[in-house]
Novice: 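Mind having a look at this structure? Questions to follow.
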Amino acid sequence: MNELAKILLRILPFLVVILVISIKIRKGDFSKEELGIQKPDSNFKAFGWWLFFLVFCILTELLLYKFNLLTLKSYTFDLKTSLLKIFGMLILAPIAEELFFRGLLLSKLIQFKINKHAAIFLIAGFFVLLHSFAFEQTLASAIGIAQVFIDATLFGYARINTKSVYTSVMMHITGNLIAVAEMYLL
């Protein structure tokens, strides 16, 4: 299977999640408020979460680089495949994953009277499992697992704190943008 077909198969689930959630909202099965599809209760708080996450990501990457723990894989796809991969990583994945994890799952767990902290950590663990296909049995992968867990935890707290999934989507896009820059520019 060529790289373009692999990329298309990788982004298809994100499109399906976005489509199914959109249909469920239109049918009235989910409300936008329940999923956090609303403006943050405070733009200042949302910006603060985003800025904190940006600084956290940059400092983490710099520390990992300083101690030779940052493992970068360079990608050389043709332009069409690269653009599709970047679109999937920067737009589709953050929107679909945040709607599903910090929108739907987090809301449902809290509705089932699960403590919000426990719900956030549980979802972060599930988020790591979903991303585990990218990990190997190396120190770099162990660090990657920890990074994904911490990121997912921060996304959850930002979603709860601002009452908006938009905050976690922007944070997720920022993290993925740093990953894309490392993949294609370094």
Novice: Are I143 and L70 packed together at the side-chain level, in the sense that at least one heavy-atom pair is separated by less than 4.5 angstrom?
Specialist: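 I143 does not reach L70 side chain to side chain.
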Novice: Quick one: pull up OG1 in T81 and CG in D78 and give me the separation to the nearest 0.5 Å.
Specialist: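 Between atom OG1 of T81 and atom CG of D78 there are 3.5 Å.
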Novice: The test is side-chain contact (heavy atoms from CB on, under 4.5 Å); show your working for K85 and E3 and say whether it passes.
Specialist: CA-CA 10 Å; K85 184 175 184 70; E3 287 302 317; over 6 Å; no
Novice: Cut-off 3.5 Å, no hydrogens considered: what does the side-chain donor-acceptor table look like for residues 111-126, sequence neighbours left out?
Specialist:
residue: Q111; atom: NE2; partner: E34; partner atom: OE2; Å: 2.8
residue: N115; atom: OD1; partner: H117; partner atom: N; Å: 2.7
residue: N115; atom: OD1; partner: A118; partner atom: N; Å: 3.2
residue: H117; atom: ND1; partner: Y157; partner atom: OH; Å: 2.7

Novice: I need the L15 CG to L8 CG distance, nearest 0.5 Å.
Specialist: 9.5 Å
Novice: Side-chain contact, heavy-atom cut-off 4.5 Å: K32 with Q38?
Specialist: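 K32 does not reach Q38 side chain to side chain.
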Novice: Let me know which of T60, L62, N68 forms a side chain to side chain contact (heavy atoms under 4.5 Å, CB included) with L64.
Specialist: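 Output: one option passes, namely T60.
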Novice: Verify the cluster assignment for Y65 and F67: are they in a single hydrophobic cluster under the rule of side-chain heavy atoms below 4.5 Å apart?
Specialist: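 In one cluster: yes.
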Novice: Are L154 and L129 connected in the hydrophobic side-chain network, where two residues link if heavy atoms are under 4.5 Å apart?
Specialist: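 Per the 4.5 Å side-chain linkage, L154 and L129 are not co-clustered.
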Novice: Distance only, no hydrogens: is a donor on one side chain within 3.5 Å (strictly under) of an acceptor on the other, for W50 and T167?
Specialist: no
Novice: Can you find a pair of side-chain heavy atoms, one from M171 and one from R102, that are under 4.5 Å apart?
Specialist: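 The answer is no; the side chains never approach within 4.5 Å.
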Novice: Quick one, I18 and S22 - any side-chain contact, counting heavy atoms below 4.5 Å?
Specialist: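 A side-chain contact under 4.5 Å exists here.
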Novice: Would you call L99 and I37 a side-chain contact if the rule is heavy atoms closer than 4.5 Å?
Specialist: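 Yes, close enough: below the 4.5 Å cut-off.
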Novice: Between S107 and R159, is any side-chain donor less than 3.5 angstrom from a side-chain acceptor?
Specialist: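 There is such a pair between these side chains.
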Novice: If two hydrophobic side chains count as joined below 4.5 Å and joins carry through other members, does V20 share a cluster with V165?
Specialist: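 Unlinked, V20 and V165 end up in two clusters.
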Novice: Starting from the C-alpha separation in whole Å, work towards a yes-or-no answer on side-chain contact (heavy atoms from CB on, under 4.5 Å) for F53 and D151.
Specialist: CA-CA 8 Å; F53 185 72; D151 291 355; 3.4 Å; yes
Novice: Any chain of hydrophobic side-chain contacts (each under 4.5 Å) joining L139 to L63?
Specialist: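 Per the 4.5 Å side-chain linkage, L139 and L63 are co-clustered.
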Novice: Rounded to the nearest 0.5 Å, what separates atom CG in L177 from atom CD in E182?
Specialist: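 These two atoms lie 10.0 Å from each other.
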Novice: Output all residues satisfying side chain to side chain donor-acceptor pair (under 3.5 Å) with E61, sequence neighbours left out; order by chain, then residue number.
Specialist: Q147
Novice: Tell me, with the steps shown, if F127 and T153 meet side-chain contact (heavy atoms from CB on, under 4.5 Å).
Specialist: CA-CA 9 Å; F127 192 74; T153 302; over 6 Å; no
Novice: Can you tell if the side chain of S141 reaches within under 4.5 Å of the side chain of T138, non-hydrogen atoms only?
Specialist: yes
Novice: Could you walk me through whether N2 and K6 pass the side-chain contact (heavy atoms from CB on, under 4.5 Å) test, one step at a time?
Specialist: CA-CA 6 Å; N2 70 19; K6 287 179 188 176; over 6 Å; no
Novice: Should F100 and L105 count as side-chain neighbours, where that means a heavy-atom distance under 4.5 Å?
Specialist: yes
Novice: Are L12 and L84 connected in a single hydrophobic cluster, I mean Ile/Leu/Val/Met/Phe/Trp/Tyr linked by side-chain heavy atoms less than 4.5 Å apart?
Specialist: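 Cluster IDs for L84 and L12 differ.
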Novice: Return the orientation label for the F52 and F56 ring planes: parallel under 30°, perpendicular over 60°, tilted otherwise.
Specialist: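 Parallel.
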Novice: Please name the pair of heavy atoms, one in Y166 and one in K39, separated by the smallest distance, quoted to 0.1 Å.
Specialist: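 In this case the closest contact between Y166 and K39 is CE1-N, 4.0 Å.
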Novice: As an exercise, state the distance from CD1 of I25 to CD of E33, rounded to the nearest 0.5 Å.
Specialist: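 That separation rounds to 9.5 Å.
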Novice: I want to check something: taking the side chain as every heavy atom from C-beta on, are L106 and F101 in contact at a cut-off of under 4.5 Å?
Specialist: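 Side chain of L106 against side chain of F101, heavy atoms only: no contact under 4.5 Å found.
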Novice: Closest heavy-atom contact between I11 and G88?
Specialist: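 Shortest heavy-atom contact: CG2-CA, 3.8 Å.
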Novice: Would you say Y184 has more than 12 foreign heavy atoms packed within less than 6.0 Å of its OH?
Specialist: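 For Y184, atom OH is crowded (more than 12 foreign heavy atoms under 6.0 Å).
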Novice: Work out which heavy atom in L90 is nearest to a heavy atom in I173; give both atom names and the distance.
Specialist: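 Looking at all heavy atoms of both residues, the shortest contact is O-CG1, 3.2 Å.
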Novice: With ILVMFWY side chains joined below 4.5 Å, transitively, what does I23's cluster contain besides itself?
Specialist: L19
Novice: How many angstroms lie between CD1 in I91 and CG in N176, if you round to the nearest 0.5 Å?
Specialist: 10.0 Å
